[in-house]
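All remarks here apply to the structure that follows.
Chain A is the first sequence line, chain B the second, and so forth, proteins listed ahead of strands; every chain is numbered from 1.
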Amino acid sequence: MSDRKVRVRFAPSPTGALHIGGVRTALYNYLFAKKNGGEILLRIEDTDSNRFVPGAEDYIIESFKWLGIKFDEGVGIGGPHAPYRQSERREIYKKYVQQLLDSGHAYYAFDTPEELEAMRAATPNFQYDARTRQQGKNSLTLSKEEVDQRIAAGEKYVVRIKVEPDENIEVDDLVRGKVVINSNILDDKVLYKAADELPTYHLANIVDDHLMEITHVIRGEEWLPSAPLHVLLYRYFGWADTMPQFAHLPLLLKPEGNGKLSKRDGDRLGFPVFPLRWVDPKTGDVSSGYREAGYLPEAIINFLALLGWNPGLDRDLFTMQEMIDLFSFEHVSKSGARFDYEKAKWYNHEYLINMQDEELTDQYYLPMLQQKGIACDRDKALKIVALVKSRINFPADLWEQSSFFFERPTSYDEKSLKKRWKPESPALLTELVEVLAPISNFDIEGTEKIVMDWIEAKGYNTGTVMNSFRITIVGAAKGPQMFDVTAILGKEETIARVKAALAVIK
RNA sequence: GGCGGAUUAGUGUAGUGGCCUAGCACGCGACCCUCUCACGGUUGAGACUCGAGUUCGACUCUCGGAUCCGCUACCA
């Protein structure tokens with residue numbers, strides 16, 4: 001078994017947008033597969049016909065495409081084990097359900113929802129198992145003739161697993177170690193529904209993982225309680241020798257309060273919980289996405305990877321390849337990780353300021369300016385981006401940080417004025433205009449030298465002059481070095497702004 | 001309620017019995033840089049859930065309490 005090629009899968013059900021927690025699960029699967037020279041496949045688990053949401057599958061595929069997680073086979077790609085959509089594998093499952101029925105590890109049950117309801121109401125903590133299945137209408141209590149008759153009559157039966165009682169089931173988990181559970185607490189889970197001719201998750205999952213030669217099942221912690229059932233299924237099928245290894249990942253928790261991260265937290269706290277924007281086809285509700293919010297996929301990947309896993313190094317920035325090389329379940333934590341949106345922003349900031357000026361300019365800045373109808377040649381745009389990029393968290397911030405290059409301030413920040421505008425500012429600036437006016441070459445060094453010499457000669461306070469100057473040019477006490485700004489603005493505009501401000505600020 | 005899992009600063013984590021006066025990062029504060037805001041650098045406050053054991057010695061092992069999380073569907 002250990003010499004089998006590593007094969008993992010990510011198997012979401014298409015019930016809506018792909019949750020960020022699901023993205024992390026997929027990411028860990030991906031990292032593990034690549035680390036071990038293995039393969040990862042994408043399977044769609046749409047065995048619940050009632051919860052199917054159109055568009056969800058495409059959304060999932062597009063999300064991973066954006067994030068840079070490439071699957072080796074599966075839905076949208078194909079492969080030797082196609083089809084990868086469970087709703088298209090009906091006939092396959094039927095065969096295996098029959099195998100379990102024949103070997104006595106499963107049985108037919110005809111109990112109606114109402115009858116089940118009644119049983120639950122009558123017995124506290126009721127569960128359909130070895131102790132209670134005598135009360136049900138199933139092929140264990142009914143005669144063979146009646147069972148055949150009911151099925152022949154088209155009655156909507158269900159197939160349940162027959163869990164043998166009093167057995168300790170061991171689950172070997174890559175992150176949690178050995179977990180032992182007694183079969184008495186397991187119920188006879190439904191494996192197959194005749195109503196839609198589809199298996200439930202448990203059956204389909206085990207059959208597919210076996211058929212698709214999955215070696216490692218890496219999934220969320222919510223599956224840990226049903227892992228023993230899955231172990232049983234492998235055993236009942238006779239596949240125990242090739243049973244995959246399990247790894248149950250800790251959950252992603254709400255940033256504040258109790259519980260796991262949900263869609264509503266994003267709405268409430270104002271951050272996305274989905275990779276891409278999603279419009280619910282039924283309700284029309286719109287959920288924001290990381291892509292549309294201006295996140296770089298690399299930043300999201302890095303952030304998510306370190307939420308529950310840590311390579312044990314004293315740094316936080318890793319490329320996908322580095323993470324692949326470093327990934328190991330030994331360093332996956334066992335407890336749930338609170339989602340920290342501030343850190344997500346920091347990651348984006350880091351990835352953005354580490355981008356080349358050219359890339360930021362061509363990919364984001366120039367298109368942004370064009371959309372606003374602002375003419376600006378590439379050289380100038382490049383210079384501006386270089387000056388402001390250290391202050392941005394999102395590409396959109398590029399505009400906020402640089403708009404003053406294109407738009408003369410129409411108002412002046414109150415706080416800045418209060419702190420930096422001195423009684424002598426108007427006189428100083430009036431004089432500055434006279435100093436600037438004769439300068440023929442308005443470049444950075446030249447202008448700076450002339451202005452600084454003037455300040456020194458007159459014995460003025462550099463801070464007072466420069467900050468007052470800054471307010472008239474930028475509109476607030478912020479931004480790049482002043483002469484970098486004026487060199488881009490040019491003499492005419494610089495002087496015009498000072499004069500305009502002088503006329504407005506009292 | 002039952003069963004399972006978990007528990008290091010506000011958050012993500014390092015730590016595998018003595019190296020811990022518990023490290024790193026985000027966030028918060030200060031200082032330096034400086035014409036401002038960022039960036040960068042330095043730095044401050046801030047944590048081993050509690051109680052018993054085991055041990056010469058426990059953040060690290062065992063047991064119990066507390067708390068949190070998950071599961072408990074003809075959903076995944």
Side-chain angles (χ1 to χ4, degrees), chain A residues 11-15 45-48 50-51 109 111-113 116 120 124-128 156-160 171 173 175-176 179-182 184-187 189-196 198-202 204-205 219-228 248 250-251 253 255-256 258-260 303 306-317 330-331 333-347 349-350 353 387-392 401 416 419-420 448 451-452 455 461-471 474 476-483:
Chain A
S13 50
T15 55
E45 308 221 325
D46 52 351
T47 51
D48 184 0
N50 298 320
R51 295 212 308 161
D111 313 275
T112 65
L116 287 171
R120 274 190 266 270
N125 295 329
F126 174 87
Q127 69 174 24
Y128 213 105
K156 294 295 177 249
Y157 64 90
V158 111
V159 175
R160 287 179 182 274
V171 178
D173 189 279
V175 337
R176 277 150 230 282
V179 179
V180 183
I181 286 152
N182 192 280
N184 286 345
I185 66 139
L186 264 26
D187 63 334
K189 277 270 182 298
V190 169
L191 300 178
Y192 179 82
K193 307 154 280 173
D196 55 7
L198 278 170
T200 59
Y201 169 85
H202 305 289
N205 191 264
R219 57 190 357 176
E221 193 186 350
E222 71 268 27
W223 292 109
L224 190 54
S226 51
H248 289 94
L251 265 19
L253 273 23
E256 52 190 51
N258 299 334
K260 63 175 178 178
F303 165 64
L306 284 257
L307 222 46
W309 169 73
N310 192 295
L313 302 173
D314 278 350
R315 62 189 176 101
D316 294 78
L317 266 13
E330 281 170 49
H331 288 105
S333 65
K334 298 175 176 64
S335 52
R338 243 177 230 283
F339 189 86
D340 182 2
Y341 187 59
E342 285 303 319
K343 195 130 188 184
K345 277 202 294 208
W346 175 79
Y347 269 106
H349 168 78
E350 287 295 317
I353 67 177
L387 290 178
V388 306
K389 79 166 181 180
S390 70
R391 290 149 246 259
I392 63 169
Q401 294 297 330
S416 302
K419 191 168 182 193
R420 306 287 179 189
E448 176 167 24
V451 173
M452 287 307 174
I455 289 174
N461 180 295
T462 311
T464 304
V465 175
M466 296 305 291
N467 287 316
S468 303
F469 186 26
R470 173 179 297 283
I471 290 172
V474 177
K478 61 168 195 181
Q481 294 290 303
M482 272 316 288
F483 299 106

Original post:
Out of B:G40, B:C74, B:C71, which nucleotide sits closest to the side chain of A:Glu350?
Top reply: B:G40
Original post:
Which part of the nucleic acid, if any, lies within contact of A:Pro113, taking any heavy atom under 4.0 Å across all strands shown: a base, the sugar-phosphate backbone alone, or nothing?
Top reply: base
Original post:
Looking only at side-chain N and O atoms, does A:Arg160 come under 4.0 Å of OP1 or OP2 in B:C74?
Top reply: yes
Subject >> Integer angstrom distance from the C1' of B:A58 to that of B:U49 >> reply: 16 Å
**OP:** Under a 3.5 Å limit for both distances, which nucleotide forms a Watson-Crick or G-U wobble pair with B:C68, could you say?
**Re:** B:G5
Subject >> Opposite nucleotide pairing with B:A45, Watson-Crick or G-U, both atom distances under 3.5 Å >> reply: none
Original post:
If we call it a pair only when both distances are under 3.5 Å in a Watson-Crick or G-U wobble match, what pairs with B:C26?
Top reply: B:G10
N/O-N/O pairs, protein side and nucleotides 8-12 of chain B side, under 3.5 Å:
from: B:G12; atom 1: OP1; to: A:Arg338; atom 2: N; distance (Å): 2.8
from: B:G12; atom 1: O2'; to: A:Leu306; atom 2: O; distance (Å): 2.8

Original post:
How would you label the contact of A:Gln481 with the nucleic acid (heavy atoms, under 4.0 Å): base, sugar-phosphate, or nothing?
Top reply: base
Original post:
When the distance from CH2 of A:Trp223 to P of B:A76 is rounded to whole Å, what number comes out?
Top reply: 7 Å
Original post:
Contact class for A:Thr47 (heavy atom, under 4.0 Å): base, sugar-phosphate, or nothing?
Top reply: sugar-phosphate
Original post:
Using a cut-off of 4.0 Å on non-hydrogen atoms, how would the nucleic acid contact of A:Asp111 be classed: base, sugar-phosphate, or nothing?
Top reply: base
**OP:** Could you check how far CZ of A:Phe303 sits from P of B:A25, rounded to whole Å?
**Re:** 18 Å
Subject >> Flag side-chain contact, heavy atom, 4.5 Å: A:Pro199 against A:Leu191 >> reply: no
**OP:** Determine the contact category for A:Lys260: base if any of its heavy atoms lies under 4.0 Å from a base atom, sugar-phosphate if only primed atoms, P, OP1 or OP2 are that close, otherwise nothing.
**Re:** sugar-phosphate
Original post:
What nucleic acid atoms does A:Pro124 come within less than 4.0 Å of, heavy atoms only: base, sugar-phosphate, or nothing?
Top reply: nothing
Subject >> Closest contact, heavy atoms only, A:Ile353 versus A:Ser390 >> reply: CG2-CA, 3.8 Å
**OP:** Find which nucleotide of RNA chain B each of A:Gln127 and A:Arg420 is nearest to by heavy atoms, and output the residue with the more 5' nucleotide.
**Re:** A:Arg420
**OP:** With C1' as the reference atom in both, quote the distance from B:G27 to B:G12 in angstrom, rounded to an integer.
**Re:** 11 Å
Subject >> Distance in angstrom units between A:Lys189 NZ and B:A73 C1', rounded >> reply: 7 Å
Subject >> Rounded distance in Å between the C1' positions of B:U16 and B:C61 >> reply: 10 Å
Original post:
Does some side-chain heavy atom of A:Phe303 sit less than 4.5 Å from a side-chain heavy atom of A:Tyr341?
Top reply: no
Original post:
If we take the C1' atom in both B:C48 and B:C59, what is their distance in whole Å?
Top reply: 5 Å
**OP:** Could you work out which one of B:C74, B:G27, B:U16 sits closest to the side chain of A:Glu330?
**Re:** B:U16
**OP:** Before giving the answer on side-chain contact (heavy atoms from CB on, under 4.5 Å), spell out for A:Leu251 and A:Glu222 the whole-Å C-alpha distance, their side-chain angles and the decisive distance to 0.1 Å.
**Re:** CA-CA 8 Å; A:Leu251 265 19; A:Glu222 71 268 27; 3.2 Å; yes
Original post:
B:U13 P sits how many Å from A:Leu317 CG, rounded?
Top reply: 17 Å
Original post:
Of the nucleotides B:U36, B:C74, B:G5, which one has an atom closest to the side chain of A:Val158?
Top reply: B:C74
**OP:** Remember a base hit wins even if backbone is also touched, and classify A:His331 as base, sugar-phosphate or nothing at under 4.0 Å, heavy atoms.
**Re:** sugar-phosphate
Original post:
Can we say A:Asp316 and A:Lys343 salt-bridge, meaning some charged N sits less than 4.0 Å from an Asp/Glu carboxylate O?
Top reply: yes
Original post:
Can you tell me how far P of B:G4 sits from CD of A:Glu222, to the nearest Å?
Top reply: 19 Å
Original post:
Taking a pair as Watson-Crick or G-U wobble with both distances under 3.5 Å, which nucleotide is matched to B:G51?
Top reply: B:C63
Original post:
Testing A:Arg176, A:Arg219, A:Glu221 for side chain to side chain donor-acceptor pair (under 3.5 Å) with A:His248, which one passes?
Top reply: A:Arg219
Original post:
Step by step, would you call A:Tyr128 with A:Asp111 a side chain to side chain donor-acceptor pair (under 3.5 Å)?
Top reply: CA-CA 11 Å; A:Tyr128 213 105; A:Asp111 313 275; 2.5 Å; yes
Subject >> Audit row: A:Thr200, A:Lys189, side-chain contact (heavy atoms from CB on, under 4.5 Å) steps and yes/no >> reply: CA-CA 9 Å; A:Thr200 59; A:Lys189 277 270 182 298; over 6 Å; no
Original post:
Taking atom C1' in both B:G70 and B:A76, what distance in whole Å separates the two?
Top reply: 14 Å
**OP:** Side chain of A:Arg51 only, please: which of B:C75, B:C71, B:C35 is the nearest?
**Re:** B:C75
Original post:
In the structure shown, which nucleotide is the Watson-Crick or G-U wobble counterpart of B:C35, with both distances under 3.5 Å?
Top reply: none
Subject >> Euclidean distance, atom CZ of residue A:Phe126 to atom C1' of B:C3 [Å, nearest integer] >> reply: 17 Å
Original post:
Among the nucleotides B:G23, B:G4, B:C35, which one has an atom lying closest to any side-chain atom of A:Leu224?
Top reply: B:G4
**OP:** Determine the Euclidean distance between corresponding C1' atoms of B:G41 and B:U34; express it in Å to zero decimal places.
**Re:** 13 Å
Original post:
What does A:Arg176 touch in the nucleic acid at a heavy-atom separation under 4.0 angstrom: a base, only the sugar-phosphate, or nothing?
Top reply: sugar-phosphate
**OP:** Over all heavy atoms of both residues, which pair between A:Leu306 and A:Pro311 is shortest? Give the atoms and the distance, please.
**Re:** CD1-CD, 4.1 Å
Subject >> Least distance between heavy atoms, A:Ile455 atom then A:Met466 atom >> reply: CD1-SD, 4.4 Å
Subject >> Rounded distance in Å - CG (A:Asn125) to C1' (B:C71) >> reply: 13 Å
Original post:
Quantified in whole Å, what is the C1' atom distance between nucleotide B:G65 and nucleotide B:A22?
Top reply: 26 Å
**OP:** Would you please test A:Asp173 and A:Leu224 for side-chain contact (heavy atoms from CB on, under 4.5 Å) and show each step?
**Re:** CA-CA 9 Å; A:Asp173 189 279; A:Leu224 190 54; 4.3 Å; yes
Subject >> Separation between the C1' atoms of B:G51 and B:C69, rounded to whole Å >> reply: 23 Å
**OP:** Round to a whole Å and report the spacing from NE2 of A:His248 to P of B:A76.
**Re:** 16 Å
Original post:
With respect to the side chain of A:Leu116, which nucleotide from B:C74, B:C71, B:U36 is positioned closest?
Top reply: B:C74
**OP:** Would you indicate what A:Asn258 reaches in the nucleic acid, counting non-hydrogen atoms under 4.0 angstrom: base, sugar-phosphate, or nothing?
**Re:** sugar-phosphate
**OP:** Describe the nucleic acid contact of A:Ile471 in one word from base, sugar-phosphate, nothing, applying a heavy-atom distance below 4.0 Å.
**Re:** nothing
Subject >> A:Lys334, nearest nucleotide to its side chain (from B:G27, B:U36, B:A6) >> reply: B:A6
